[in-house]
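Single-structure report; data block below.
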Amino acid sequence: MPLHEGVSNSSRVFYLRQVEEKVVDEMAMTNVLTGKYRTTGTTPLDLSSCSKGDILKYFEASYDLNESLFVGLKDEDAFYKCPDRLRLPLIFYYAHTATVYVNKLMLAGLMTERVNLDFETMFELGVDEMSWDDTENYRMGGRFQWPPLAEAVEFRRLVRNRIRQLIEDTPLQLPITQDNPWWAVMMGVEHEKIHIETSSVLIRQMPITMVTTPPKWKYAPASTGTAIQENPLVQVEGGEVTFGKPEDFPSYGWCMEYGQQTFKVPTFEASKFKVTNREFLQFVKAGGYENSSYWTKEGWNWQCFRQMRHPIFWVCTKGCKSSCGAVLSSYSHCLPEHFSTTYTDPEIRQHLENNNGPQNGDLNGNGCEHDFRLRVIFDVMEMPWDWPVVVNYHEARAFCAWKGPEFRMLTEAEFNMIQGGALGDPSKGVTSDPVFHKDPQANFRLTFGSSSPVDLYRPNDLGFHDVFGNVWEWVEDHFNCLPGYRQHHLYDDYAFPFCDGRHGLMLGGSWASNGTYNSRFSRSFFRRHFYQHAGFRVARTLPGAGKSPVVMVNTDVYILGAGVEEKDLTVPETVGLEVVPMASTNRQFHQETEEALAAMLALQYGDGGQNYSKALADFCVEKANHYGCPLQKIVQLGCGTGGVTYQLAKTYKEVIGLDYCGQFLEAAIALQKTGEFHLSKPGVTDSETEKKSMTDDIITVSIPADVQRDKLTFKQMTWVPNEIPKSDLVLLDFLDRVNNPKAWWLRLWEIVTENGIVMVISQKIGKEELSSDLNNKLDLLEELELQFKDGQGQTKVTMATIWKLRM
């Protein structure tokens, strides 16, 4: 029986039928569809046995569903509005997923010609909310001119047709594993499914006057018929738990799902249901948003900035500050004119009242007040108090502290324990993952276009409801990849830039998750102030049982322009958690130290710049002249602190230096501004520096006086995006220190001019490793040894391979 016994079938069917038949605004944007209109998701593919027909159907369904969300925007103008001040306009998200298809299929070699490079550059790079108070952090300065909607629609149409043809023409080899080119197809599909959820959140943040309910959009019932007044704790016996996706599991997976982690977890209790709107109302009424004692330091700073009075999707009449950006920044969802319900007409509302309540003489049930409505994706509705509350990490943590000193959220290890034993071992294959079940007993894959009552589906074998679906669950752990994971070269920067201790972890999926995004292995990461369709359940460790492990990233991460952000790696003693400090699995972060910076400065500027920087720059110019290359533009991938870049600026007219390391780039940019850079030697305290000033305890470097500093541009990048221009010399100079070298050489052929050369410098990687990928597009001109002196004055030898675009 898929639904709770208390649900009235006649009520549910009547409700859903009436919503399907609701008259849709004539301005609904059906012109954004390049395929069929659909409102539900799909079961993922078993990659050990799927056919081309299965893949095509899966691709089309994902492409259709993503476009169908945008039918709910009232007019074209809405596409150019920012629903979140830290996000891009919706036009970006409409075209972004098509761009990723092209970019990844190009990298995999399944696509050999681009569809529209301008669009594949413009719509490639989104934003990560790195700072909640960076109120207008728009890429390209917020003044970028987006194309007309019709052109974006046509772009999506062309990409769709190209992928259809690709699927038809490309021989299929099973199973589809991570080293199979077809993995790129699945990557594009699953990436689109993630953005279906992302866009649904952003559309939910849009002004209600800019959206309209699309045809057949089905919201879940408000209640199963009996209001949930209690949320009892269920005890889970302690034990050892191992989690992580096996490499050979036959479904698509993102890099951070792989690897394996094992913990011993003591006996604990967790709430039977996710925390409901009704429960959270008590926190709101108790002044929880005004009491700093319930909040972490980071959380209270965010709350002071945002001035929240209630969860973001609750609607009141007090003019609360919205999260919208740009021209919508003054908009408020919480005004009297937005307080009336829009999701149904009076007859349907009366029918629901007669069948689902009121109880105790109150429309909302159990004394809940009439002060709030709920904003769902396309409508405002009477508050469904039995739905799970949607909050960010900070709000969830504050609620737990308000509830009592021993309460907290689950940890990742505990979440994996409450999944129960019914799923079985992953070695069973896809039958062990509920996302493959025909009747999963969960609200995901857009079964409903909203959250649902937390008791709508029956509990699992341990007594917990909604372990999968409905809303994601915030857990206490920092996001980090699992031990043994490996990045995929086609999407090298998908997860590792966020293993920084600043991103939280969400598990279990939501109503909007489909494909593999709501798999038992899915691990989603966002900044702690970020909003998704996410909630939480409360937990506590039993007295005397020991402490439950919670992972926190202890690596200091340097943020370009901001330095190292303070981290709190502690938890209240009363919550029964033991912090397990772990180094970031992004080893590039480990180079963000003063010791590494000092070593790079010594390498690139030691002996007055007569060592590595000058030797390599002279070598580059010599080879460019030898092969008759123009001396106009150069891009250096791995510029470090800029030593080589500044030397090359003596010859080239335009020089671009890229690196992932914030500390290195900070030094390079400082040198560009003033011509000098000063660094206290590692181990020297600030007080010692003040006393000795410019003595031997200070490292001082400078750039040649004849360098025209305005020729140079420095950028922080974690991969090679399309915005990197074609150059006469492409110098790849940091393969020996990056996480995934292959990811950096796959696009070299696209960023070198016809008459230019590519130069790869490495002590570890030569033509044998490079040829399997580069030989498809580039010809090897020569391989030779290059001698240089390191930062300690020792002579070193590195390999230089020189390549030219095959004509």
Side-chain angles (χ1 to χ4, degrees), residues 603-605 609-659 668 672 703-715 717 720 723-736 741 744-763 765-767 770-771 773-789 796-807:
L603 173 68
Q604 294 194 324
Y605 296 95
Q610 297 302 309
N611 53 20
Y612 183 78
S613 295
K614 189 173 189 306
L616 181 54
D618 290 347
F619 178 75
C620 289
V621 174
E622 175 192 341
K623 291 301 178 182
N625 285 324
H626 175 75
Y627 290 108
C629 302
L631 302 177
Q632 298 295 313
K633 183 181 294 184
I634 174 177
V635 59
Q636 182 184 9
L637 308 178
C639 66
T641 55
V644 181
T645 318
Y646 284 115
Q647 292 287 345
L648 287 167
K650 296 178 180 179
T651 303
Y652 285 82
K653 293 184 177 180
E654 183 179 351
V655 183
I656 301 173
L658 271 65
D659 211 291
Q672 185 179 25
I703 58 175
D706 55 345
V707 172
Q708 292 179 283
R709 299 197 290 256
D710 58 353
K711 290 183 177 182
L712 292 103
T713 301
F714 292 102
K715 295 186 176 185
M717 295 290 180
V720 185
E723 67 183 68
I724 303 305
K726 286 183 178 291
S727 300
D728 303 310
L729 172 62
V730 178
L731 174 60
L732 177 55
D733 187 27
F734 66 165
L735 290 181
D736 298 341
W744 288 93
W745 73 58
L746 283 177
R747 281 204 67 235
L748 293 177
W749 68 275
E750 279 202 283
I751 60 173
V752 64
T753 60
E754 291 183 0
N755 297 317
I757 56 174
V758 171
M759 190 176 297
V760 181
I761 309 295
S762 173
Q763 292 180 273
I765 296 173
K767 63 180 182 181
L770 296 167
S771 292
D773 294 311
L774 298 191
N775 273 350
N776 295 325
K777 298 290 184 179
L778 299 170
D779 289 322
L780 177 65
L781 299 178
E782 59 179 310
E783 180 182 45
L784 65 163
E785 293 183 347
L786 174 65
Q787 290 189 349
F788 68 95
K789 290 185 178 180
K796 299 287 184 180
V797 177
T798 190
M799 296 301 300
T801 56
I802 304 174
W803 308 76
K804 188 173 181 62
L805 193 64
R806 183 174 298 157
M807 302 303 295

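Please read all numbers here as calculations on a predicted model, not as lab measurements.
Rounding to the nearest 0.5 angstrom, the gap separating the CD1 atom in I634 from the NZ atom in K711 is 11.5 Å. Between atom CG of residue L805 and atom OG1 of residue T753 there is a gap of 8.5 Å, rounded to the nearest 0.5 Å. Between the CZ atom of F734 and the OG atom of S762 there is a distance of 11.5 Å, given to the nearest 0.5 Å. Within the model, atoms OG1 of T798 and CG of D736 stand 6.5 Å from one another, a figure rounded to the nearest 0.5 Å. Expressed to the nearest 0.5 Å, how far OG of S613 lies from CG of L603 amounts to 6.5 Å. Taken from OG1 in T801 to CD1 in I765, the straight-line distance is 9.5 Å, to the nearest 0.5 Å.
One side chain, T641 or Q604, offers a donor N or O that lies under 3.5 Å from an acceptor on the other. There is a side-chain donor-acceptor pair under 3.5 Å between Q636 and T645.
Between E783 and M799 there is a side-chain heavy-atom pair separated by less than 4.5 Å. Side-chain contact between V707 and L712 is present, with at least one heavy-atom pair separated by less than 4.5 Å. Residues D773 and W749 have side chains not in contact (no heavy-atom distance under 4.5 Å, counting atoms from C-beta outward). Residues L731 and L637 form no side-chain contact, since every pair of their non-hydrogen atoms from C-beta on lies 4.5 Å or further apart. A heavy-atom distance below 4.5 Å is not found between the side chains of I757 and W803. Between I703 and Y605 the shortest side-chain heavy-atom distance falls below 4.5 Å. K623 is not listed as a side-chain neighbour of L781, based on a closest heavy-atom distance of 4.5 Å or more. Within the 4.5 Å cutoff, the side chain of V797 has no heavy atoms near those of the L786 side chain.
Checked against salt bridge (charged side-chain N to carboxylate O under 4.0 Å, His left out), D728 has no partners two or more places apart in sequence or in another chain. Judged as a side chain to side chain contact (heavy atoms under 4.5 Å, CB included), and not counting sequence neighbours, the contacts of D710 are Q708. For D779, the salt bridge (charged side-chain N to carboxylate O under 4.0 Å, His left out) partners two or more places apart in sequence, or in a different chain, are R806. Residues meeting the ring-ring contact (aromatic ring centres under 6.0 Å, His included) test with F788, sequence neighbours left out: Y612.
Across all their heavy atoms, A668 and G642 have their closest contact at CB-N, 4.1 Å. Considering all non-hydrogen atoms of both residues, A624 and Y652 come closest at CB-OH, 3.4 Å. Nearest heavy-atom pair across I656 and P725 is CD1-CG, 3.6 Å.
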From CA spacing to verdict: side chain to side chain contact (heavy atoms under 4.5 Å, CB included), L732, L748: CA-CA 9 Å; L732 177 55; L748 293 177; 3.9 Å; yes

Pair K777, E750 - check salt bridge (Lys or Arg N to Asp or Glu O under 4.0 Å), show working. CA-CA 9 Å; K777 298 290 184 179; E750 279 202 283; over 6 Å; no

Test side chain to side chain contact (heavy atoms under 4.5 Å, CB included) applied to L780 and I802, step by step: CA-CA 6 Å; L780 177 65; I802 304 174; 5.8 Å; no

Derivation and outcome, side chain to side chain contact (heavy atoms under 4.5 Å, CB included), residues C620 and L729: CA-CA 8 Å; C620 289; L729 172 62; 3.7 Å; yes

Could you give me the CA-CA distance, side-chain angles and deciding distance for K726 and E754, then say whether side chain to side chain contact (heavy atoms under 4.5 Å, CB included) is met? CA-CA 9 Å; K726 286 183 178 291; E754 291 183 0; over 6 Å; no

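Residue pairs meeting the salt bridge (Lys or Arg N to Asp or Glu O under 4.0 Å) criterion with at least one partner in residues 642-651, sequence neighbours excluded, do not occur; the list is empty. Listed by first then second residue, pairs satisfying ring pair (Phe, Tyr, Trp, His ring centres under 6.0 Å) with a partner in residues 626-650 read Y646-F714, not counting sequence neighbours.
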